[in-house]
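Since we're looking at a predicted model, the values are computed, not measured. Note that these values count all heavy atoms, side chains included, but never hydrogens, waters or copies made by symmetry. Numbering of ligands and ligand atoms starts at 1, following listing order.
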Amino acid sequence: LADGTRRILIDTDPGIGTPRADVDDGIAILLALCSPVLDIAGITTVKGNTDVHSGTANVLRLLRDAGRTEIPVAKGCSRPIGREVPEIVERRLSWIPPAAEDAAFRTSERGVDFMIDTVMGSPSKTTIVAMGPLTNVALAMIEEPGVCNFIDEIVVMGGSIYASGTRPRVEFNILNDPEAADIVFESGVPITLIPLDVTTSVRFRKETIKPWAEADSPLIRRVHDLTVDWMEYRYIVRGEEDVGCYFHDAMNVAYLVDPDMFISVDARIVVELRGEHTRGQTVVHMGASEAGHPISKVLVGVDRARFTRMVVDEIATQFR
Ligand SMILES: [Ca+2]
């Protein structure tokens, strides 16, 4: 690896391309493709924003259209370790099978095996960029505990300090597999958590992403249209106050590329597994240092203008 280059494995539940599913994983992957400091060793998919088959098809299509089919993709877990969340299961949509030309699709290897092999098969450590429920990462740790020694950091978009997501103070990724999140947070691998509180502090609106509509790349113009569809869906169906959305997962990539744009605190993170109304909640003990328990880094603030500029400008200009 070149100096200053970071080897990453992206674990994702990409909705981009599926009607009425979140586009943010797709935006994050595009941003990662733009960065010369990130070496993408592979992408694994997991059930979350869509079922795992649709998500896999979505990421394959995105890589094909971006001309990056050399990046291997492996399909991961189709359901969580714990019980499923019924109202989210109902949002599953039909999936489009990946086309034959999507050669990177490793049908022979399960996502969890691919993750273990990719992480342990390299002399340099790998950063896991976790953009969905933590099912694949937890199962990799269960199947091969030695994998933890080869991971230098797991950057997790998930959880909440005070913000509400799918339920009050409960964020989607953690809610969808609290047991998996618990395993990952207790693993002792350095964790950086990017909670809803910081991801929802930067709202994107139609006028913000206008440069994508004027991009040279047909892919980016299509990404613009898919993002506008997602914004309008949120406004019309969910009754949001204005037409806009958040690019939660893009903050994982922004953090790796330019960590100085964030403010962080050390905290002990625990996941509520049993609460009747609070299952999936992250309980964040700021500044805690309980002996024998892992302390994580939690992002609590971001330079909004810098993040917005990075996401909009890089994606608008780096594709042809
Ligand atoms: Ca995601």
Side-chain angles (χ1 to χ4, degrees), residues 8-33 40 42-63 73-80 84-85 88-89 91-93 95 111 115 127-138 154-160 163 165-167 170-178 180-181 184 191-200 202 204 223 226-227 229-231 233-234 245-256 280 282 299 307 311 315:
I8 64 169
L9 187 148
I10 296 174
D11 187 59
T12 175
D13 60 338
I16 195 162
T18 299
R20 299 179 297 283
D22 203 332
V23 299
D24 68 331
D25 294 75
I27 305 302
I29 291 166
L30 289 172
L31 193 59
L33 294 176
I40 306 173
I43 299 179
T44 50
T45 55
V46 65
K47 187 221 153 196
N49 283 317
T50 67
D51 66 88
V52 74
H53 310 289
S54 306
T56 306
N58 289 339
V59 74
L60 288 170
R61 219 178 295 117
L62 192 69
L63 291 179
V73 174
K75 187 166 71 180
C77 294
S78 60
R79 62 183 177 85
E84 300 202 60
V85 182
I88 293 163
V89 174
R91 290 204 323 180
R92 285 186 183 189
L93 294 147
W95 76 287
M115 182 180 283
T127 298
I128 295 192
V129 186
M131 302 179 179
L134 288 160
T135 317
N136 290 335
V137 185
I154 306 174
V155 182
V156 179
M157 190 280 125
S160 154
T166 308
R167 292 177 184 163
V170 176
E171 182 275 336
F172 180 92
N173 287 342
I174 307 296
L175 172 66
N176 270 265
D177 203 346
V184 172
I191 305 285
T192 295
L193 188 77
I194 310 183
L196 266 187
D197 308 73
V198 66
T199 67
T200 56
V202 189
F204 289 79
V223 165
L226 290 168
T227 304
D229 285 350
W230 171 239
M231 289 175 173
Y233 165 73
R234 295 172 63 99
C245 71
Y246 307 108
F247 296 145
H248 309 276
D249 296 329
M251 278 197 186
N252 296 36
V253 178
Y255 167 73
L256 291 172
T282 45
L299 303 190
F307 175 67
V311 172
I315 290 175

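Between the Asp249 side chain and the Asp24 main chain, no donor and acceptor come within less than 3.5 Å of each other.
Nearest heavy-atom pair, Gly26 versus Ile16, reported as atom, atom and distance to 0.1 Å: CA-CG2, 3.7 Å.
For Thr127, the side-chain hydrogen bond (donor to acceptor under 3.5 Å, both in side chains) partners at least two apart in sequence or on another chain are Arg6, Asp152. Applying the side-chain hydrogen bond (donor to acceptor under 3.5 Å, both in side chains) rule to Asp13 yields the partners Asn49; only residues at least two apart in sequence or on another chain are considered. With sequence neighbours left out, Asp11 forms a side-chain hydrogen bond (donor to acceptor under 3.5 Å, both in side chains) with Thr44, Asn136.
Aromatic ring orientation, Tyr246 versus His248: tilted (interplanar angle from 30° to 60°).
Looking only at protein N/O/S atoms, the ones less than 3.0 Å from the Ca ion (ligand 1) make 5 in total.
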